[in-house]
Amino acid sequence: MKRTYKIIAVLILVTSGVIATVFSTIYHDVKTTANEMYIPVIAELPASREVVVNVDLGDPFSVLILGVDERQGDQGRSDTMIVLTVNPTLETTKLLSIPRDTYTEIIGKNIQDKINHAYAFGGVEMSVKTVEHLLDIPIDYVAKINMESFVELIDIVGDISVENKLDFDYEGQHFQKGLLQLDGESALKYVRMRYDDPEGDFGRQNRQKQIIQGVMQNSLHVNTIVNYKSILKTLENHVETNVMLDEMLAMRKNYSNSFKNIEQHYLIDGTGKKMNGIYYYLLNDTELELLQETLKKHLALD
């Protein structure tokens, strides 16, 4: 009997050692990737912030997600601009997709232009300052994602399912109405189509959200855990952010309920207009002001 107990004890110790080694290796790999992704994007504290937000204490915060379409020999533009405000007390997250053709002041360039041109003119920092000016809120964190990474991520986590509401063709591929299974290359085409969509940029934004949700759902599968190194490598190559690893862990701990309750907001009451032969989206001032107040309250700034 004593021999059996000894064998069990040894097995427990060995198993515990293996588990500890595995988790230590994963943590090291994650930390390495987080360090590679980190960029000190925002050089100064926004005027509307007296102190830097502290996610360890559960402060409400905001994030700007820039989906950048960078191709060889081209600086690229921010193809996707999504603002999140997160409030752990209310346990809600507000999500706003900014139309890429929005006509606004480009901060640092002193011109009026499409908001997605801010990235082409001044990279992530100019994009952040321009969005702050437009929405009249501070942007605490930013993540720049190369849209090409969707191809690699989806091929790692597996094909994703989307409910397509529009029959269309794009870059030699047909997308029929109904439930579709998309691999990485098909998903990128699915989100890039815009001009044949009667909803224009708004339809495109909805398709982008479908892809993002699909990637998040598939990332929970067992095969994703097995392939975590491939995922980390893809993130390392295609994502830049000013969120440090300890902040990521604090967000996961303190804001998990908030991330489960996402309220979507839109800027849909504006008008399209051509100026000098170029299409712009002119925001509705009343709608913008209401949205600004909503986001301020959600960030506990009022």
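Note: hydrogens, waters and symmetry copies are ignored here, and every other heavy atom, side chains too, is used. Here the structure is a predicted model, which is why all the values come from computation and not from measurement.
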Exercise. Can a donor-acceptor pair be found between the side chains of Gln181 and Ser161 at a distance below 3.5 Å?
Worked result: yes
[atom1] of [X] to [atom2] of [Y]: how many Å apart, nearest 0.5 Å?
| X | Y | atom1 | atom2 | result |
| --- | --- | --- | --- | --- |
| Leu96 | Ile137 | CG | CD1 | 8.0 Å |
| Lys109 | Ile107 | NZ | CD1 | 13.0 Å |
| Leu291 | Ile98 | CG | CD1 | 8.5 Å |
| Thr93 | Leu90 | OG1 | CG | 10.5 Å |
| Asp136 | Glu289 | CG | CD | 10.0 Å |
| Thr286 | Asp269 | OG1 | CG | 9.0 Å |

Exercise. In terms of side-chain geometry, is the basic nitrogen of Glu132 or Lys129 positioned less than 4.0 Å from the acidic oxygen of its partner?
Worked result: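 Answer for the salt bridge query: no.
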Does some side-chain heavy atom of [Y] sit less than 4.5 Å from a side-chain heavy atom of [X]?
| X | Y | value |
| --- | --- | --- |
| Asn254 | Val55 | no |
| Val53 | Tyr141 | yes |
| Leu301 | Pro138 | yes |
| Leu288 | Leu135 | yes |
| Thr241 | Ile145 | no |
| Glu185 | Gln173 | no |
| Val124 | Ser127 | no |
| Lys94 | Asn87 | no |

For this session: Could you point out which residue of Lys296, Glu263, His298, His265 forms a side-chain contact (heavy atoms from CB on, under 4.5 Å) with Thr85?
Result: His298
Side-chain donor-acceptor pairs of residues 273-280 under 3.5 Å, sequence neighbours excluded:
none

Problem set entry | Stepwise salt bridge (charged side-chain N to carboxylate O under 4.0 Å, His left out) check, Arg204 with Asp197 | CA-CA 8 Å; Arg204 188 165 179 266; Asp197 194 324; over 6 Å; no
For this session: Using modelled atom types only, decide if a donor and an acceptor are shared between the side chain of Asn242 and the backbone of Val142 within a distance under 3.5 Å.
Result: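 Checked: pair present.
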For this session: Kindly say whether Glu171 contributes a backbone atom to a donor-acceptor pair with the side chain of Arg192 at under 3.5 angstrom?
Result: no
Exercise. Is the number of heavy atoms from other residues, nucleotides or ligands under 6.0 Å of Lys297 NZ greater than 12?
Worked result: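 It does not: Lys297 NZ has 12 such atoms or fewer within range.
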Problem set entry | Non-neighbouring partners of Asn164 that pass side chain to side chain contact (heavy atoms under 4.5 Å, CB included), sequence neighbours left out |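 Expected list: Leu166, Phe168, Phe175, Leu180, Tyr190.
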